[in-house]
Every structure is written in C-alpha cells, then in structure tokens.
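Every heavy atom of this structure was used, including side-chain atoms; hydrogens, water molecules and symmetry mates were not.
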Amino acid sequence: MHSFWSKPSLVGVSSLEKVHGGWPHPKYHYMGWALSCLTFKKHYNDVQLVTDSKGKEMLIDTFNLPYTSVAVELNKINHYPEKLWALGKLYAYKIQDTPFIHVDGDIFIWKRFNSSLEKSELIGQHLDNEENHYHTSMHHLEKNNISIPQELKDDFAILKRFNSTNAGILGGKNIDFFQEYVDRAFHFVDKNLEKVNNKINGSSFAIIYEQYMFSALARKWDIEINHLIQYNDTGIMHLSDFFNRYLSKKYVHLLAKTKSSLECYHEMEMQLLTEHPDYHERICSFFD
C-alpha cells in the first residue's frame with residue numbers, strides 16, 4: 001500500500017521541508033512514485049493507493065499508474081497543517097481492516113518480501129540504532145512546549161534509549177494494534193495542535209508521533225516487530241544505493257535528504273527510463 005497526502009508536497013515555499021516530497025523538482029517526485037508503484041506491482045497483485053483528490057488527479061488521472069485500487073480518503077485531514085506530513089500515512093493505516101504493508105513512495109524493490117515478514121504481527125523497515133536525531137527531536141519538541149505522552153516518557157525511563165523502528169515500511173496483521181496506535185498518535189498531535197507553528201520542525205515531530213509511538217506501544221502490547229533489515233545485514237548496502245538491486249534484499253529506499261542527491265535521483269530516473277520508458281516519457285512530457 002502507498003499513501004499520498006498531496007498537501008505537504010504541493011503547498012510551495014511555505015513548507016520547504018517536504019515540497020515536491022523532498023525531491024529537487026516535481027518531475028522527479030512523480031518519477032519516484034511511478035518507479036515505486038511499478039516495482040511493487042511486478043511482485044504483488046494487489047497494490048493499493050490511499051490519497052486525496054489532487055493525488056488521484058496526478059497519479060491516476062494524469063500518469064495512469066497501475067494501482068489495483070484507489071481510496072480517496074485523505075481530503076479528510078486537509079485541516080491539519082502541511083508540516084504534519086506523516087498524518088497521511090497514519091490515516092492510511094487507520095482505514096485498513098485486513099493485514100497490510102505500507103511502503104513509502106521512495107522505496108523500490110526487485111523481489112517480493114519473504115513470507116515470514118509478510119505474515120508478521122508487526123512489520124518495520126529497520127531498527128534505528130543511530131539515536132541522535134531522536135534525542136535532538138525530543139529536545140526540540142520539549143523546548144517548544146509540545147506535551148509528550150506519559151507512555152513515551154515511561155518507555156524511555158525503562159530502556160534509557162528509544163529503540164525506534166524506521167517506518168519506511170510499516171504494517172502487519174494485528175489490526176487492533178494499528179487502530180489503537182493511530183488513535184494514540186492522533187491524540188498526541190491533536191493535543192498539541194495549537195502549538196504547531198513555524199518553529200516546529202515537522203520531521204522532528206513525525207519521528208516521535210509516528211515511529212517512536214509505534215515502537216513504544218508495541219513494547220507495551222508485548223508484540224515483536226519483525227524488521228526487513230537487521231543490524232549489520234549483509235544483504236544490503238546503504239539504503240539509497242541502487243546496487244542493492246543485485247544483492248539479496250533487492251531493496252532501495254531514498255529516505256530523507258538522499259532524494260536531493262544528484263547521484264540518487266539521476267539513478268532513479270535511469271531505472272525508470274530503462275524499465276518503463278513509456279512512464280518516463282509520460283512524466284517528462286507533462287513537465288516540458
């Protein structure tokens with residue numbers, strides 16, 4: 001499943017953090033969506049898109065990406081500020097009633113995930129062992145008077161670290177957990193909504209209300225998270241390296257600022273041009 005809440009990527013210079021989804025130009029943004037959709041469609045019969053009206057207009061009506069089904073649900077969260085960009089993903093989790101795997105639109109695969117991962121109660125991309133950005137994010141939120149849920153404070157007091165899952169992929173078969181998790185995450189956001197101003201960094205907030213909340217609540221429920229990528233995994237190089245398609249995981253994720261790297265977005269475009277020249281031409285023609 002993909003989710004595309006278009007508001008954060010289309011608002012323009014008012015929110016540079018996620019404009020064009022973090023890509024240097026909208027052309028690459030939609031090339032990334034196309035390549036991600038097409039690589040997953042090659043290995044999965046059912047690939048769903050959860051989006052809003054504008055997202056459907058672009059991904060489906062304009063570029064004709066071959067999703068199995070499209071749910072236009074994310075207009076319902078347009079009253080939230082665009083810097084809360086991860087809410088589109090959370091709402092997509094909330095409306096699922098069968099086991100699912102949500103993947104970010106900058107992830108590309110060259111083989112299906114293994115069956116043990118697909119059958120897991122909870123699924124994540126990897127455990128974030130580098131925790132400096134979590135400490136920095138929590139300090140940033142507290143400095144700006146964001147009220148942190150007690151359950152997160154309690155979790156950190158016990159572990160003395162965050163032990164947080166990266167949500168490049170997130171899912172599983174425990175639908176009851178996801179209902180509770182999304183409710184808790186939205187409650188966290190709604191309680192602090194009046195404090196979300198120009199001083200708040202949206203990504204710093206997101207890794208706490210999306211990733212850390214997911215991880216802490218899984219521990220509270222005593223549910224193991226099965227990660228696609230393990231620490232020191234020999235089946236993958238750096239996540240953004242397209243050479244990974246030749247290794248055992250056959251998985252690439254252009255997360256965060258890697259999308260603005262010339263080497264990365266150029267390689268992504270070359271993959272689309274080589275594997276799906278018709279979609280490459282369609283997107284280029286639109287922006288010419």
side-chain contact (heavy atoms from CB on, under 4.5 Å) partner of Ile200, the single match among Leu84, Ile146, Asn192 = Ile146
Please check if the side chain of Glu57 supplies one atom and the backbone of Thr62 the other of a donor-acceptor pair under 3.5 Å.
-> no
Mind checking whether Tyr251 and Ile169 have side chains closer than 4.5 Å, heavy atoms only?
-> yes
Name of the residue among Tyr91, Tyr67, Trp33, Phe63 meeting ring pair (Phe, Tyr, Trp, His ring centres under 6.0 Å) with Phe4 | Trp33
Determine whether the aromatic ring centres of His102 and Tyr93 lie less than 6.0 Å apart.
-> yes
Taking everything shown except Asn45 itself, do over 12 heavy atoms lie less than 6.0 Å from its CG?
-> no
Side chain to side chain contact (heavy atoms under 4.5 Å, CB included) between Gln48 and His2, worked out | CA-CA 6 Å; Gln48 179 189 22; His2 273 151; over 6 Å; no
Does Val252 reach the side chain of Phe243, with side-chain heavy atoms less than 4.5 Å apart?
-> no
Are a donor atom and an acceptor atom from the side chains of Glu130 and Asn132 found within less than 3.5 Å of each other?
-> yes
Determine whether Tyr30 and Phe286 make a side-chain contact, defined as any pair of heavy atoms from C-beta on separated by less than 4.5 Å.
-> no
Is the side chain of Ser3 donor-acceptor paired with the backbone N or O of Val50 at a distance under 3.5 Å, no angle test?
-> no
Examine Ile207 and Leu159 and state if one hydrophobic cluster contains both, with Ile, Leu, Val, Met, Phe, Trp and Tyr joined whenever side-chain heavy atoms are less than 4.5 Å apart.
-> no
Can you check whether Phe113 and His43 have ring centres sitting under 6.0 Å from each other?
-> no
Look up atom CG in Asn166 and atom CG in Leu239, then write down how far apart they are to the nearest 0.5 Å.
-> 7.5 Å
Distance only, no hydrogens: is a donor on one side chain within 3.5 Å (strictly under) of an acceptor on the other, for His276 and Asp278?
-> no
What do you reckon, is CD of Gln230 surrounded by more than 12 foreign heavy atoms closer than 6.0 Å?
-> yes
For Gln211 and Ala167, indicate whether the former's side chain and the latter's backbone hold a donor-acceptor pair under 3.5 Å.
-> yes
Salt bridge between Lys220 and Asp154, side-chain N to carboxylate O under 4.0 Å?
-> no
Does Asp155 pair with Arg219 as a salt bridge, N-O distance under 4.0 Å?
-> yes
Backbone N/O of Ser248 and side chain of Lys111: donor-acceptor pair under 3.5 Å | yes
Please answer: with hydrophobic residues joined when any side-chain heavy atoms are less than 4.5 Å apart, are Leu127 and Tyr134 in the same cluster?
-> no
Should the heavy atoms of other residues, nucleotides or ligands under 6.0 Å from CD of Gln150 be counted, would the total exceed 12?
-> yes
Answer yes or no: is there a donor N or O on one side and an acceptor on the other, between the side chain of Gln179 and the main chain of Lys94, under 3.5 Å?
-> yes
Are any of the side-chain heavy atoms of Pro149 and Tyr209 separated by less than 4.5 Å?
-> no
Just wondering, are more than 12 heavy atoms of other shown residues or ligands nearer than 6.0 Å to NZ in Lys195?
-> yes
Verify same cluster id: Ile158, Ile208 (apolar side-chain graph, 4.5 Å) = no
Do any N or O atoms from the side chain of Ser36 and from the backbone of Ile107 form a donor-acceptor pair under 3.5 angstrom?
-> yes
Give, for atom SG of Cys284 and atom CE of Met31, the distance between the pair rounded to the nearest 0.5 Å.
-> 3.5 Å
Check for a donor-acceptor pair, side chain of Ser261 on one end and backbone N or O of Lys257 on the other, with a separation under 3.5 Å.
-> no
What pairs of donor and acceptor atoms, side-chain ones from residues 264-275 against any protein atom, are under 3.5 angstrom apart with sequence neighbours left out?
{"from": "Glu267", "atom 1": "OE2", "to": "Gln271", "atom 2": "NE2", "distance (Å)": "2.9"}
{"from": "Glu269", "atom 1": "OE2", "to": "His280", "atom 2": "NE2", "distance (Å)": "2.8"}
{"from": "Gln271", "atom 1": "OE1", "to": "Arg245", "atom 2": "NH1", "distance (Å)": "2.6"}
{"from": "Thr274", "atom 1": "OG1", "to": "Met270", "atom 2": "O", "distance (Å)": "2.8"}
{"from": "Glu275", "atom 1": "OE2", "to": "Trp110", "atom 2": "NE1", "distance (Å)": "3.2"}
{"from": "Glu275", "atom 1": "OE2", "to": "Arg245", "atom 2": "NH1", "distance (Å)": "3.2"}

Assess the pair Phe177 and Phe214: is the distance between their ring centroids shorter than 6.0 Å?
-> yes
Donor-acceptor under 3.5 Å (Asp241 side chain, Asn244 main chain) = no
Enter the distance from Asp128:CG to Thr165:OG1 here, rounded to the nearest 0.5 Å.
-> 8.0 Å
Looking only at heavy atoms, the pair that brings Tyr80 and Asp190 closest together is OH-OD1, 2.6 Å
With side chains defined as the heavy atoms from C-beta onward, is the minimum distance between Lys41 and Leu65 less than 4.5 Å?
-> no
Can you tell me how far the NZ atom of Lys7 sits from the CG atom of Asp52, to the nearest 0.5 Å?
-> 10.5 Å
Side chain proximity check, His227 to Gln125, heavy atoms < 4.5 angstrom = no
Using the ring of each side chain (for Trp, its six-membered ring), is Phe162 parallel, tilted or perpendicular to Phe156, with breaks at 30° and 60°?
-> tilted
Counting distance only, does the side-chain N/O of His140 pair as donor-acceptor with the main-chain N or O of Asn201 below 3.5 Å?
-> yes
Is there a side-chain contact between Ser6 and Thr51, using heavy atoms and a 4.5 Å cut-off?
-> no
Sidechain-backbone polar pair: Gln96 side chain, Ala92 backbone, donor-acceptor under 3.5 Å | yes
How many angstroms lie between CE in Met1 and CD1 in Ile95, if you round to the nearest 0.5 Å?
-> 7.5 Å
Closest heavy-atom contact between Pro81 and Trp5?
-> O-CH2, 3.8 Å
State, yes or no, whether a side-chain contact exists between Ser9 and His29 at a heavy-atom distance under 4.5 Å.
-> yes
Within 45° of the axis and under 6.0 Å from the centre of the six-membered ring of Tyr181, does NZ or CZ of Arg184 qualify?
-> no
Once you round to the nearest 0.5 Å, how far does CG of Asp106 lie from OG of Ser240?
-> 10.5 Å
